[in-house]
There are 2 protein chains.
Amino acid sequence: MRQATLEKDIRDSILDAVGRLLGHYGYKKMTVDDIAHEAGIGKGTIYLYFPSKEEVALGWIDRANKELLEQLNLITASDLPPDERIRRFLLTRVMFRFDSVQQFAQSLDELYVAMRPIFHARRNRYHDAESQVLAHALAQGRVVGIFHCEDENAVARLMLLATNSLLPYSLSAGELGQRDEIEAKVLGIADMILNGLLRRDTSACVIARIVHEKPE
Amino acid sequence: MRQATLEKDIRDSILDAVGRLLGHYGYKKMTVDDIAHEAGIGKGTIYLYFPSKEEVALGWIDRANKELLEQLNLITASDLPPDERIRRFLLTRVMFRFDSVQQFAQSLDELYVAMRPIFHARRNRYHDAESQVLAHALAQGRVVGIFHCEDENAVARLMLLATNSLLPYSLSAGELGQRDEIEAKVLGIADMILNGLLRRDTSACVIARIVHEKPE
DNA sequence: CTGGTGACCATATTTGTATTCTGGTCACCA
DNA sequence: TGGTGACCAGAATACAAATATGGTCACCAG
């Protein structure tokens, strides 16, 4: 335990150093020597914990995504009504990332460009994990009768897709817009999905459809 | 008219040439000389129709988006039931772009990188125009009683946002996945938005919420 | 004995210089 | 009068030399 704790401390020190340096220099200008110096360790030590510079940077992103997943799990386990959990889940998922990139706007763009293929795979993994947590929240809602959906996993994936355009991957934080605008958009999409557009009073819909199809 | 027709022919010849060259070389390697030669005109002629090389490329993208908007308008004006128009609208909006970039996968990435700020503004314009067309389709549905939404413009914008992550801007066509997968995702999001997740029988919902909130 | 270290090396990157290329202009002309 | 290609300023490329860096590993302090 003490050994494992010390090991985790060193690993986290390295990742903390990476966070600070990415903010200052960006990925390419940041050297492994820089990271070691900033973390107060030797360069060889980095390679005891990470196979490459690239994996160090990915480790930093992994850690942030792990923190996010923990927050999403807490929301799912909370006392909120299921529909409110969904809203809060989607909001947190987007705004956590929005806030995280605030000080890295240009350097994260450069980082994504530099390691795009492997990062794309990682991102899919993060989203899969988030999707499973959301599916759990949807299942909870179905059990208490608030939701009607037959395949929570499929719906969860679609809900994440529906809000992915607001994530700071494709657009930088500047292009995404103001924080409150992003929040409003996420909540707007969440409510639109929860409530739906089609009226549900069956007779009105049938009549409306018949009226629509009647030739003039 | 004959004058305007000839002028439009030259402009379209230039844009057709751009399309062919972008597929082969990408934006940076394609020269203004190349475009002129491919179009069978002199280099000076390009500058009678476009202020710069960059605007030539943007003109090519503009033309594609104009074609898309025409298709979306046709869908809105069709005889389909309003909910089917919505599905078809969103599907066409994504798949038209997906199909358009098939042969330009890497060169379009390079093009977006090269002119990102101005392209971002153009993209917003395209999406605004599409949003207005969709709002019109939503208004039609409300008039015949199929939809319930109070602000078609806001809902239209949210619906486009909900499917923007499937557009080939942030992800290349390869990263987006197979065509049929994209189609299924778009239709899945469309149906999820149209139908909603929350059950609508009011008494069941109230009881479900009360049961949920009741302390054990 | 073991994890941490920094000297070392192969390769990548940067810098400086010379050369070539290209976006954009405009006087000429059919 | 619209189309054109020679022209030019600046951008981009090619190449060589110099410098930097990712990753390795023999050494060593605890």
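Residue numbers start from 1 in every chain, and the chains themselves are labelled A, B, ... in the order their sequence lines are given, proteins ahead of strands.
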Salt-bridge contact D12(A)-R63(A) (side-chain N to carboxylate O under 4.0 Å): yes
Figure out the CD/C1' separation between E55(B) and dG23(C), and round it to whole Å. 14 Å
Which one is paired to dC29(C), where only Watson-Crick or G-U wobble pairs with both distances under 3.5 angstrom count? dG2(D)
Residue K43(B), side-chain atoms from C-beta onward, closest of dA6(D), dG3(D), dG4(C): dA6(D)
Counting only Watson-Crick pairs (N1-N3 plus N6-O4 or O6-N4) and G-U wobbles (N1-O2, O6-N3), all under 3.5 Å, who is the partner of dT19(C)? dA12(D)
On DNA chain D, compare the nucleotides closest to G44(B) and K29(A); which residue's is nearer the 5' end? G44(B)
Closest to the side chain of T45(A), out of dT5(C), dG23(C), dT4(D), is dT5(C)
Do the side chains of R97(A) and E130(A) get close enough for a salt bridge, i.e. N-O under 4.0 angstrom? yes
How close or far is atom C1' of dC21(C) from atom NZ of K53(B), stated in whole angstroms? 12 Å
Should Y49(A) be listed as having a side-chain N or O under 4.0 Å from OP1 or OP2 of dG4(C)? yes
Using 4.0 Å as the upper bound for N to carboxylate O, is an ion pair formed by D99(B) and R179(B)? yes
Side-chain donor-acceptor contact under 3.5 Å, R85(B) with Q140(B): yes
If I take atom CD1 in residue I46(B) and atom C1' in nucleotide dG23(C), what distance separates them, rounded to the nearest angstrom? 12 Å
From the list dG3(C), dG2(D), dG22(D), which nucleotide is the closest neighbour of the side chain of V32(A)? dG22(D)
Separation of dT22(C) P from K28(B) NZ (nearest whole Å): 13 Å
Need one value for I41(B): base, sugar-phosphate or nothing, where a base atom within 4.0 Å counts as base even if backbone is also close, heavy atoms only. sugar-phosphate
How long is the line joining CD1 of I35(B) and P of dT22(C), in whole Å? 12 Å
If you count heavy atoms of other groups shown closer than 6.0 angstrom to NE2 of H127(A), is the number above 12? yes
Whole Å only: how far is the OH atom of Y27(B) from the P atom of dA12(D)? 11 Å
Integer-rounded Å distance: dG2(D) P and D9(B) CG: 16 Å
From C-beta outward on Y47(B), which listed nucleotide comes closest to its side chain: dT25(C), dT5(C), dA7(C)? dT25(C)
Tell me the interatomic distance from D33(B), atom CG, to dG5(D), atom C1', rounded to whole angstroms. 9 Å
